[in-house]
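Order of appearance sets the numbers: ligands from 1, and atoms from 1 within every ligand.
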Amino acid sequence: MSSSTKYIFVTGGVTSSLGKGIVSASLAKLLQARGFKVTIQKLDPYINVDPGTLNPYEHGECYVTDDGAETDLDLGHYERFLNISTSQNNNVTTGKIYQTVIDKERRGDYLGKTVQVIPHITNEIKEHILKLGKDKNYDVVITEIGGTVGDIESLPFIESIRQLKWNLNKNVLFIHLTLIPYLSTSGELKTKPTQHSVKTLLEYGIQPDILVCRTEYHLDNGLRNKIALFCNVDQECVIESIDAKSIYEVPLLMLKEKLDTVVCQKLELDQEIEPDLKKWNEFLNNLQDPKKEINIALIGKYVELKDSYISIAESLIHAGSKNKTKVNLHWIHSSKLEDENCSELLKDINGVIVAPGFGSRAIEGKIKAVEYARLKQIPFLGICLGMQCAVIEFARNVLKMENAHSTEIDSQSEFPVISMMEEQKQLEKMGGTMRLGSYQCDIEQHTLLHQIYSKKTIHERHRHRFEFNNQFIDDFESNGMIFSGKNIKNNLMETIEIPTHPWFIGVQFHPEYKSTVENPHPIFLSLIKAGLEHASSVK
Ligand code: GLN
């Protein structure tokens, strides 16, 4: 549409966790709904090359793209909001930037020069930002800078975007997301932290164009004027971002505040087309006015931090809305299930999901949950490690293979029903070496999976090192567990089913990475339907 790509930078002030990812994704949604070709990227200031090696307690879920990048969970929000596929290029960390610069230095690319933060690191950052816009000819690239303004570690990113403003001038816009705290003792909203945060940005040479203000209470005109005056922005550029019940309401709240309108004005983007949010509104209406209700249990070992399983939770919201069903998600720590109280903890549950994961902690509880769902005929979905737990449970309790296990947990098991993929055995490095990204899976006819997808071949995203051990295929198949999806090229069993059970599926891939507001994932849609049937059968 436009001849030159526009760059919007979103920084955060005062505190972390204000929802920069959601505000960025909401703005992107509104611009996309106006017909612009939009993408978003995230710059993370930490030194890890990617979040693949991070424990979920650190930054929540590690999201995986089609091209196999292990990324920040915000990329999941971008894909879910925009219904687009992101890639390696949509997430960059300080570690990745430094790695590239150091590789170049070793190759001799800077020969003779002292390699420094400015200009070498900042140039690499700028190149990375611009590359995304150029690659696919986007009208707008939104770049979210992780962390909070004032942090030492994000300084090179801030300096890079300052330089980009200088380079590209009118094609660059700065949005600063900040907090207007409410002091209950004086009953007032306070603007001072925002003034300070903008002052810090000004010290770095950046004048924000728009302030998005997170608040618990509405901002009146007096307050908006005050913020505008002290922070040097137009009054219509003070945007209220009030706490919302659902992240999916935020695009509409931003529309009401005219965030997209001021962005278009400032960047001289065509404003003739009003945003078309028909599908989004349909989704939201169903979400806010459900006709039915079910209870789904999510069994994992990181349930204290809900961000660890965010894509699964969001997939259930998408599929629930499509089925006009409220999904009550019960987060259950798998260690609790180790004490034989499954029937108490899983009472009134209409569907059990055993989550992905790594390592031995609390694994026996996951295996118990599978057994309970299998015997009680409760719809069951095992994702990645969850599928592996279903295989282990079946081996131990149906095939009577005592102490059957995954070699990830018991390398000496007599029945290693899950074992390491051959190509993984030679690897020494941990980072970025799993089976990652999108792989083809062929579906057997006359299976539940075939009914769900109505397709013969699918592509789903992976993140694991271990697989079903094909040495045991016959034992499983002759006793009632089938392999409905396979990777033909490498002869890998990608999915399991128990045809005598109402709905029992295990998938080695992660369907949750591909569910979006516009395209809820068929596996989750089917799980909700099975959950509804279960709910009506136990009434
Ligand atoms: N730890 C298991 C493996 O590496 C499962 C991984 C996962 O659940 N993402 O195969």
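When every heavy atom of K486 is checked against every heavy atom of E494, the shortest pair comes out as C-CG, 3.9 Å.
Under the 4.0 angstrom criterion for non-hydrogen atoms, Q508 is not in contact with ligand 1. Contact between H510 and ligand 1 is present, with at least one heavy atom of the residue lying under 4.0 Å from the ligand.
Interface atoms of ligand 1 facing F466, defined by a heavy-atom separation under 4.0 Å, are 3 (C), 4 (O), 10 (O). The distance from ligand 1 to the heavy atoms of E408 drops below 4.0 Å at these ligand atoms: 1 (N), 2 (C), 3 (C). Near R465, meaning under 4.0 Å from any of its heavy atoms, are these atoms of ligand 1: 3 (C), 4 (O), 10 (O). Distances below 4.0 Å separate heavy atoms of R463 from the following atoms of ligand 1: 6 (C), 7 (C), 9 (N).
If you run ring pair (Phe, Tyr, Trp, His ring centres under 6.0 Å) between F394 and each of F476, F468, F415, F483, only F476 comes through.
C384 SG, 3.0 Å is the protein heavy atom nearest to atom 7 (C) of ligand 1.
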Atom pairs and distances, donor-acceptor, side-chain atoms in residues 43-53, under 3.5 Å, two or more places apart:
unit_1: D44; atom_1: OD1; unit_2: K42; atom_2: NZ; d: 3.4
unit_1: D44; atom_1: OD2; unit_2: N91; atom_2: ND2; d: 3.3
unit_1: D50; atom_1: OD1; unit_2: G52; atom_2: N; d: 2.8

Under 3.5 Å, side-chain donor or acceptor atoms of residues 345-360 against the rest of the protein: list the pairs with distances, not counting sequence neighbours.
unit_1: N350; atom_1: OD1; unit_2: N295; atom_2: N; d: 2.9
unit_1: N350; atom_1: ND2; unit_2: H534; atom_2: ND1; d: 3.1

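Using a 30° and 60° split on the angle between ring planes, H77 and F81 fall in the perpendicular class, above 60°. Ring geometry for F283 versus Y248: interplanar angle over 60°, hence perpendicular rather than tilted (30 to 60°).
Judged by distance alone, with hydrogens and angles left aside, the side-chain atoms of T71 form a donor-acceptor pair with the main-chain N or O of Y63 at under 3.5 Å.
The shortest N or O to N or O distance between G357 and ligand 1 is under 3.5 Å. At least one N or O atom of L385, backbone or side chain, sits closer than 3.5 Å to an N or O atom of ligand 1.
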